[in-house]
Amino acid sequence: MKSKLYDKIATIYFYAVAVFLILFLASLISYILYQGRTKLNIDFLTSPPKFMEAGGGIGPQLFNSLELLIITLIISIPIGLGAGIYMAEYAKPGLLTEIIRLSIETLSSMPSIVVGLFGLLVFVTMTGWGYSLIAGALALTVLNLPVMTRVSEDSIRSVPNSLREASYALGSTKWQTIVKVVVPAAMPGIITGIILTAGRIFGEAAALLYTAGMSSPALNFSNLNPSSPTSPLNIVRPAETLAVYIWKVNSEGLAPDARQIADGAAAVLLLMVLIFNILARWLGNTLYKRMTGER
Amino acid sequence: MKKIQVKDLDLFYGDVQALKKINLDVEENSVLALIGPSGCGKSTFVRTLNRMNDLIEGVKISGTVLLDGQDIYKDVDVIELRKRVGMVFQKPNPFPMTVYDNVAYGPRIHGIKDKKKLNEIVEKSLMAAALWDEVKDRLSKSALSLSGGQQQRLCIARTLAIEPEVILMDEPTSALDPISTMKIEELINELKNKYTIIIVTHNMQQAGRVSDYTAFFLNGELIESGPTDRVFYNPKDKRTEDYITGRFG
Amino acid sequence: MKKIQVKDLDLFYGDVQALKKINLDVEENSVLALIGPSGCGKSTFVRTLNRMNDLIEGVKISGTVLLDGQDIYKDVDVIELRKRVGMVFQKPNPFPMTVYDNVAYGPRIHGIKDKKKLNEIVEKSLMAAALWDEVKDRLSKSALSLSGGQQQRLCIARTLAIEPEVILMDEPTSALDPISTMKIEELINELKNKYTIIIVTHNMQQAGRVSDYTAFFLNGELIESGPTDRVFYNPKDKRTEDYITGRFG
Amino acid sequence: MTVDKNYERKRKIVNLFGKAIVFISALLLIIITASLFLFVASKGLSTFIKDGISLKEFLFSTTWKPDRDVPAVGSLQFILGSILVSVFAIMISAPLGVSSAIFMIEIAKKLGQKILQPAIEIFVGIPSVVYGWVGLTVLVPFISKHFGGLGFSLLAGILVLTVMTLPTITSVSTDAIKSLPVEIREASYALGATRWQTIRHVILPAAKPGILTAIVLGLARAFGEALAVQMVIGNRPVIPKSFLEPMSTITSIITMDMGNTAMGTVWNDALWSLALLLLMISFTFIIVIKLVGRRGMYK
Amino acid sequence: ACGSKQPQSNNSSTSNNLSGNITIAGSTALQPLAEQAAKMFMEKYPNVAITVQGGGSGTGLTQVAQGAINIGNSDIFAEEKLDANTAKSLVDHKVAVVGFAVVVNKDVTVDNLTQQQLIDIFTGKITNWKDVGGPDEKITVILRPASSGTRATFKKIVLKGQDEVEGVALTEDSNGTVKKAVADTKGAISYIGLSYIDDTVKVLKYNGVDPTAQNIIDGKYPIWSYEHMYTKGEPTGAVKAFLDFMMSTEVQKGPLTKLGFIPITEMKAK
Ligand SMILES: Nc1ncnc2c1ncn2[C@@H]1O[C@H](COP(=O)(O)OP(=O)(O)OP(=O)(O)O)[C@@H](O)[C@H]1O
Ligand SMILES: Nc1ncnc2c1ncn2[C@@H]1O[C@H](COP(=O)(O)OP(=O)(O)OP(=O)(O)O)[C@@H](O)[C@H]1O
Ligand SMILES: [Mg+2]
Ligand SMILES: [Mg+2]
Ligand SMILES: O=P([O-])([O-])[O-]
């Protein structure tokens, strides 16, 4: 029968696609890690780059990436969570809600280079901060907010209504219900979402070229004066990240081992993304289990 | 003494009338059972008594509900009201937190912070809900790790912790096994000395066992109400009789 | 003549046994009603007859099911089988396409491409499902725009279009209003002249109205089966009697 | 239990305050979006308002000579370049993505959820500079060696974008297919349809709005991607005549020239106009998705 | 507006009380040098804080003209980027010289090209290496983006201002990518800064002259340009001290030379 033959062919085709994609990803990851293997050591991860000679590291860049990530999360989690709460618990169908939703969707598909340019105009030039950590963090916030909002909204919506009713029936105000019952119950989902998006923030480059800049002062970790340009606490210093550094090494690397540096940085970047992924899954599961008591 | 007086209560979900001119009084420290076929408005009715229906959009209510003579839709603040009129739901719905925190939740949101006082309340409430012995060693375990029957008693303890005057129970045992059901029925029998209880049930025998008064609903109307024995063995309305003898529903 | 013979049928969902040693014969061109309380295995049973359970993971089946004497799990190709044993589901489930395409779907996937022939089949099937007059002007409208009752008759038409020998119906009217229900019951009465029909129903009266034979299931076992009148008015088993007179379920 | 009146008042105020805070958070999203449009537009429109370039020249001329005394900023080649590279990438990644979505939901649920799904999530996470870097060091030399040409090419851009849009398309269409009711699958099987017939004639048509959304989102991502594409396409400011020729896109020309031109010059303004164009295109995609989504039959 | 500074040698003992903040931005080519010099300067004067940012020459000029930063780095004269009025408000400090070499893929056997040959190649008149005495091989021209200072210098000095052939050339964003593209592409030709040169590409003579620092200093090799640090108005205080420091031997013979620039203090040619 012809239809059975077609069915077989189709099944084979779908398996082939799946196998192809998995093999492709596996080889991509192994290639990147293999190329960067020689650089995956403490020295490379901690020492500053060198300009004309081989052996430079990615210390400041790695640190900047992490610091930028943290600042971005500090800004975008409260706002995104707030907006998510609003959309899930307060928003009534209507024009305003539609506009907020349209804004979220528009922002979430905004090309990151446009966000970078917007950041250049507003956070770099208008504020007078110049290329800086804070300008970069704000640009990343613009990129991250819609994702954060959506993650929070979805997780909050999936909290069963029976919990809200239980809380109201005990005489809670709406805000108490949200803060003490709904948000904690939504936490596993929110945290998983946050960590997964953290990977994206960590690897972003286009939005940072024009905001956090393409240079990094050599950081002095004993300098805790937030107005000194070499202090890690200074948020108006330029802060080249790892992803931006790959881009720059490739274009302007004077060091003879520029290729290896880019390979190593790419491997580090990939590893971080893998770690974020695994962490998100693990933490999400653990929190969920703790909450539901099946420990 | 009349604890609750309901007068000419109408309730609409949008354009659909779910309650039609309900008039019903509830005696203090008694158990009132609400019976009737599915969809007749039992849940809707009990939810008007602590204004849980306020949370649903498009609900319109007219008529009056008096609690100790005060109009709950006019004279009483809704949060105050819900403190005085507690509720237990059909499906056990403990919060995803520890057993202790579940019971302490109510007192806490009403401003009690003193650790010792909270401990006291938790113990007293769990005792009153006949759960203390089973959970006293696992107060800091997640409430979701309890069995269904224990969860439901925890929900009752949680309600008792805010010291309500009235307790509404919407089919509190329908999701439970017979043994848990029995325990909760016993509990209700004890609680009625201190509380006014309104219980919705599908189970005729349960209504017979636990209640002092019974009200029969049909299609949003209150067909008949009165002392349980009278309603069961000497119904005034043909429809009540048909329902109780299992001819429909 | 025996259309279907079921011998010693066991079915497991993983470790849970849902059908226990079922033995049952189905007469050709008759209506067999399956009754029993919720969860007793009625749906599971009808789904073994066209091997829909094959789609569920972890299902284990033993015993034999013969269709016209052929073992449907050995001698008959599953696609061929489903063409011969059609099925109508509890919730109307038309495809999100036009009325016409819904009915033409079956013939098309079985290789009929001729436009004229398809037109004929569609008209004939819709006629047979007593739907033609209501939809003949809206064949190219989405099937989802029909009412629930119309959708269910469309699903019947869709099944008729592949000219099955047996039609399985799993509570086909439970999601419908009384008038639509009546129409479908009438339809079943007509269809039984040409088809062997097995219908699952919760509604005792419906079983009485439409079926020639009745089989009563309980906890995965076939308690009793036989001509409907006999089973209803003269049950051999106490449990059958209890169920039919509404004492449980 | 006694009631502390002070506490009652306090928590009612907190209740209102909380609502205000989350409302402001939500409003912030509108404010950010609006100011993004406003600022980019204010710069992007000066090409036409202040510098007197006609919209027609900007959109339909291919003469890009912004360093001349009388600058020419015809951008058609960049616009077409972006379209070419994105559309071709989607033409490859859409069938692959939809296929793997079908694989995960209809063919091998367990295998899909255990292996393919996490794999796709990792695909999403890989930063675009890493894709660009691998494209530059592996793909470009490979193309030049086996297909001829310079390696830097439309083809290289297409392939990099294929990989980058694949996860978007896969995950969005997975959601679309997953949300279809199980009943219509059963209906099809009960009529004797094979799995492929069910997929082809029931699942795919029913999931069409969702799949279209996936494709448009993929297209939006491809259009907006900057660095990875810029690294491999060769940046020749002309419309490529074959897959092996270098080309430019809207994003690549912006990345290359933005920092090296001074604000306020025609040249710099034209780059902002391109950014504005990118913004408008991305917004158009969102509107398209809204319209497509509204047609969805199963929600 | 090009009031060029004389080298200053004796400012060391003056002040430990020099203080202030300096922000420098602009040319990415000059960025590594500025960063190194800033680091050395801050060690000397702990009360001065210098921030060095990139962004490109255009950005540097724009921002210094707007007063957003103190020093704008550029590898091109301000007049070529800004309108005349704005450019006038800036003071030019030429701090270094950068030389450029014509480079080709290693498979190209040609060793020397004349200016005319280069013009013909870059404007598309000559498209095969055999026409300039090389193998029978297609010439692939690789350019920098139109906004690049390097490209502007090359166009001005070598091409006499004639337009390059855009239609057949590749464009690479920066020195590093140009070098890589030339190394990887058969028959490729382009130009890069002297400091980027390594053995992956082949360096050509220009009109028979090798592109060495000495030849540039001696005025024999003409493809070079200044690296500028612009200030808005005459610099004062810490900014002036830093610019002076840039001209000191410590920098000129130190990191500047090490990074492949040519000390401006040595230049005999103008
Ligand atoms: N949120 C709602 N919106 C609209 N209609 C509702 C809503 N809740 C209930 N109804 C309708 O109001 C009527 C009464 O419902 P209610 O839940 O009070 O019945 P019930 O007696 O509690 O039934 P059951 O025994 O099944 O719980 C029903 O027709 C129901 O469909
Ligand atoms: N896919 C499945 N996996 C595991 N167990 C199942 C599955 N489907 C049904 N069961 C179990 O098998 C038993 C019989 O179910 P079945 O659906 O056949 O009952 P039914 O008689 O049709 O009930 P109803 O009247 O509610 O439709 C039930 O205990 C049910 O929980
Ligand atoms: Mg109810
Ligand atoms: Mg069933
Ligand atoms: O120094 P550049 O302007 O050519 O980058």
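Only a predicted model underlies this, so the values are computations on that prediction, with no experimental measurement involved. Hydrogens, waters and symmetry mates are skipped; everything else that's a heavy atom, side chains included, is used. Every chain is numbered from 1, with letters handed out A, B, ... down the list of sequences.
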Above 12 or not: heavy atoms from other molecules or residues under 6.0 Å from [atom1] of [X]?
X         : atom1 : answer
Lys192(C) : NZ    : yes
Asn193(C) : CG    : yes
Glu163(C) : CD    : no
Lys117(C) : NZ    : no
Met127(C) : CE    : yes

Heavy-atom closest pair, residues [X] and [Y]:
X         : Y         : result
Val202(D) : Tyr105(C) : CG2-OH, 3.3 Å
Ala187(D) : Phe89(C)  : CA-CE1, 3.9 Å
Ala190(D) : Met87(C)  : CB-CB, 4.0 Å
Leu191(D) : His110(C) : O-NE2, 2.8 Å

Partner set under salt bridge (Lys or Arg N to Asp or Glu O under 4.0 Å) for Glu183(D), not counting sequence neighbours: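 For Glu183(D) there are no salt bridge (Lys or Arg N to Asp or Glu O under 4.0 Å) partners, ignoring immediate neighbours.
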Non-hydrogen atoms of chain D under 4.5 Å away: do they reach the side chain of [X], the backbone, both or neither?
X         : result
Leu55(C)  : side chain
Arg158(C) : both
Val85(C)  : backbone

Steps toward side chain to side chain contact (heavy atoms under 4.5 Å, CB included) verdict (Lys110(D), Glu57(C)): CA-CA 10 Å; Lys110(D) 267 197 190 143; Glu57(C) 242 163 275; 3.3 Å; yes
Gap between atom CE of Met97(C) and atom CD1 of Ile184(D) - 0.5 Å precision: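 Answer rounded to 0.5 Å: 7.5 Å.
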Most contacts with chain D, counted as non-hydrogen pairs under 4.5 angstrom, among Lys83(C), Arg51(C), Met52(C): Met52(C)
Choice from Lys109(D), Arg185(D), Glu186(D), Arg200(D) maximising heavy atom contacts with chain C below 4.5 Å: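 Winner by heavy-atom pair count: Glu186(D).
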